[in-house]
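All values reported here derive from a predicted model rather than from experimental measurement.
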Amino acid sequence: SFHLAFKEQPFQDPGPNKVVWVTSPNFNPRPSDAEIDTIVLHHTAGDSLAGTVKWFEMEKSQVSAHFTVGKDGSIVQMVSTFDRAWHAGASEDIRGRTNVNNFSIGIEIVNIGDGTHPYPQAQVDAVHHLCAFLIRHRFPGIKQITSHEFIAKPFGRKNDPINYPWDSLKDLGVPLNVDVT
């Protein structure tokens, strides 16, 4: 008799600007009238892409993002952009719209989030490339890139992505709504 045995392989970063799919159970349909016009950037508050992927794979975490970008520029997509990822929590954007998850794409950036850890250039480049792709090829109606800090309610609940180099996104031609001061 023939028997196939599969050993679960440990997660491996795909490499700079390469994308892999790992499904998160933590999503639901967007409202039928939702127009995706916002990108929200976060930091993971963890130090590894594998750890974040594992956390987002767990139903009990009740969190997810559409994409997570590793320090080496690896990209993992975990929720379809057609669906609503659970990344923003209680939130309100600059236009006064609440439930930002309904109309946004969430991108997590691997960073411990203590304010001292840098964002490596390969990671910053991958975030830029991903945002550019989303704006130019998938969602030309994107009207803003914002920080989790800027939209989280109550104000002060989140600080991410702390010290992100926002100037790296200025050439994308959409407002960066990130200044909380």
Side-chain angles (χ1 to χ4, degrees), residues 10-20 22 24-27 38-79 84-94 98-101 104-132 134 144-172 174-181:
F11 177 82
Q12 291 186 326
D13 293 3
N17 290 305
K18 293 183 179 164
V19 182
V20 296
V22 178
S24 173
N26 303 319
F27 69 93
T38 298
I39 295 172
V40 180
L41 299 187
H42 306 259
H43 66 236
T44 60
D47 204 29
S48 78
L49 182 57
T52 301
V53 168
K54 183 175 181 180
W55 182 243
F56 288 172
E57 282 184 295
M58 298 169 63
E59 191 172 338
K60 73 177 185 179
S61 75
Q62 294 292 290
V63 293
S64 63
H66 294 93
F67 301 94
T68 303
V69 180
K71 291 178 182 180
D72 71 344
S74 293
I75 301 170
V76 178
Q77 183 170 1
M78 299 193 73
V79 174
R84 182 181 181 269
W86 301 345
H87 59 94
S91 52
E92 181 179 337
D93 80 346
I94 196 167
T98 58
N99 298 312
V100 174
N101 286 337
S104 67
I105 301 295
I107 300 174
E108 291 275 354
I109 306 164
V110 174
N111 187 286
I112 196 79
D114 67 359
T116 66
H117 286 76
Y119 296 89
Q121 192 62 50
Q123 185 180 47
V124 171
D125 290 347
V127 170
H128 182 279
H129 297 149
L130 179 56
C131 289
L134 291 167
Q144 66 177 328
I145 298 173
T146 190
S147 66
H148 193 196
E149 178 182 28
F150 189 78
I151 62 164
K153 297 298 174 196
F155 177 75
R157 180 173 67 89
K158 296 290 182 176
N159 69 348
D160 57 312
I162 193 166
N163 297 334
Y164 191 76
W166 293 103
D167 285 350
S168 67
L169 300 172
K170 283 189 173 180
D171 69 319
L172 296 178
V174 297
L176 301 175
N177 292 320
V178 299
D179 187 8
V180 296
T181 57

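- In this view, Tyr164 and Tyr119, Trp166 satisfy the ring pair (Phe, Tyr, Trp, His ring centres under 6.0 Å) rule, not counting sequence neighbours.
- In this structure, Pro165 and Asp167 have side chains that are not in contact, with every pair of non-hydrogen atoms separated by 4.5 Å or more.
- Within 6.0 Å of NZ on Lys18 lie no more than 12 heavy atoms contributed by other residues, nucleotides or ligands.
- The two residues Leu172 and Ala132 make their nearest non-hydrogen contact at CD2-CB, 3.6 Å.
- Looking at Asp72, its side chain does come within 3.5 Å of a backbone N or O of Ser74 through a donor-acceptor pair.
- Residues Phe150 and Ile94 form a side-chain contact, since some pair of their non-hydrogen atoms from C-beta on lies under 4.5 Å apart.
- Across all non-hydrogen atoms, the minimal contact from Met58 to Pro25 is C-CG, 4.3 Å.
- Using modelled atom types, one side-chain atom of Gln123 and one backbone atom of Val110 make a donor-acceptor pair closer than 3.5 Å.
- Under the salt bridge (Lys or Arg N to Asp or Glu O under 4.0 Å) criterion, Asp171 pairs with no residue at all, not counting sequence neighbours.
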side-chain contact (heavy atoms from CB on, under 4.5 Å) between Ile145 and Asn177: does it pass, once the steps are laid out?
-> CA-CA 6 Å; Ile145 298 173; Asn177 292 320; over 6 Å; no
Salt bridge (Lys or Arg N to Asp or Glu O under 4.0 Å) evaluation trace for Asp47 with Lys71 | CA-CA 9 Å; Asp47 204 29; Lys71 291 178 182 180; 2.3 Å; yes
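- Contacts of Ala85 classified as side chain to side chain contact (heavy atoms under 4.5 Å, CB included), with partners at least two apart in sequence or in another chain: Ser64, His66, Val79, His87.
- In this structure, Leu176 and Lys170 have side chains that are in contact, with non-hydrogen atoms separated by less than 4.5 Å.
- Judged purely by atom type and a 3.5 angstrom limit, Ser91 uses its side chain to pair as donor or acceptor with the backbone of Val100.
- Scanning for side-chain hydrogen bond (donor to acceptor under 3.5 Å, both in side chains) contacts around Asp93 gives Arg97, Gln144, with sequence neighbours left out.
- Partners of Asp125 under the side chain to side chain contact (heavy atoms under 4.5 Å, CB included) rule, at least two apart in sequence or in another chain, are Gln121, His129.
- Each salt bridge (Lys or Arg N to Asp or Glu O under 4.0 Å) pair with one or both residues in residues 49-63, not counting sequence neighbours, would appear here, but there are none.
- The side-chain hydrogen bond (donor to acceptor under 3.5 Å, both in side chains) check on Asn163 picks up nothing, with sequence neighbours excluded.
- Scanning for side-chain hydrogen bond (donor to acceptor under 3.5 Å, both in side chains) contacts around Thr98 gives an empty result, with sequence neighbours left out.
- Thr146 places no side-chain N or O within 3.5 Å of a backbone atom of Val178 that could act as its donor or acceptor partner.
- Put simply, the side chain of Asn101 gets close to the backbone of Ala88: a donor and an acceptor are under 3.5 Å apart.
- Of all non-hydrogen atoms in Leu41 and Pro161, the two that sit nearest each other are O-CD, 3.2 Å.
- Not a single side chain to side chain contact (heavy atoms under 4.5 Å, CB included) links Ala122 to another residue, sequence neighbours left out.
- The shortest heavy-atom contact between Met78 and Val53 is CE-O, 3.5 Å.
- Pairs engaging residues 107-121 under the salt bridge (Lys or Arg N to Asp or Glu O under 4.0 Å) rule: none recorded [sequence neighbours left out].
- Within 6.0 Å of CD in Gln62 there are more than 12 heavy atoms belonging to other residues, nucleotides or ligands.
- Between Val127 and Cys131 there is a side-chain heavy-atom pair separated by less than 4.5 Å.
- Using a 4.5 Å cut-off on side-chain heavy atoms (C-beta onward), Val40 and Ile105 make no contact.
- The main-chain N or O of His117 is found under 3.5 Å from a side-chain atom of Asn111 such that the two form a donor-acceptor pair.
- Proximity of His128 to Leu169: side-chain heavy atoms (C-beta onward) are separated by under 4.5 Å at one or more points.
- Panel note: side chain Arg84, backbone Ser104; no donor-acceptor pair is recorded below 3.5 Å.
- Put simply, the side chain of Glu149 never gets that close to the backbone of Ile162: no donor and acceptor are under 3.5 Å apart.
- Remark: side-chain polar atoms of Thr52 are not paired, donor with acceptor, to backbone N or O of Thr44 under 3.5 angstrom.
- With sequence neighbours excluded, no residue satisfies ring pair (Phe, Tyr, Trp, His ring centres under 6.0 Å) with His43.
- Under the side-chain hydrogen bond (donor to acceptor under 3.5 Å, both in side chains) criterion, Trp55 pairs with no residue at all, not counting sequence neighbours.
- Heavy atoms only, all atoms of each residue included: Phe27 and Trp86 are closest at O-CZ2, 3.4 Å.
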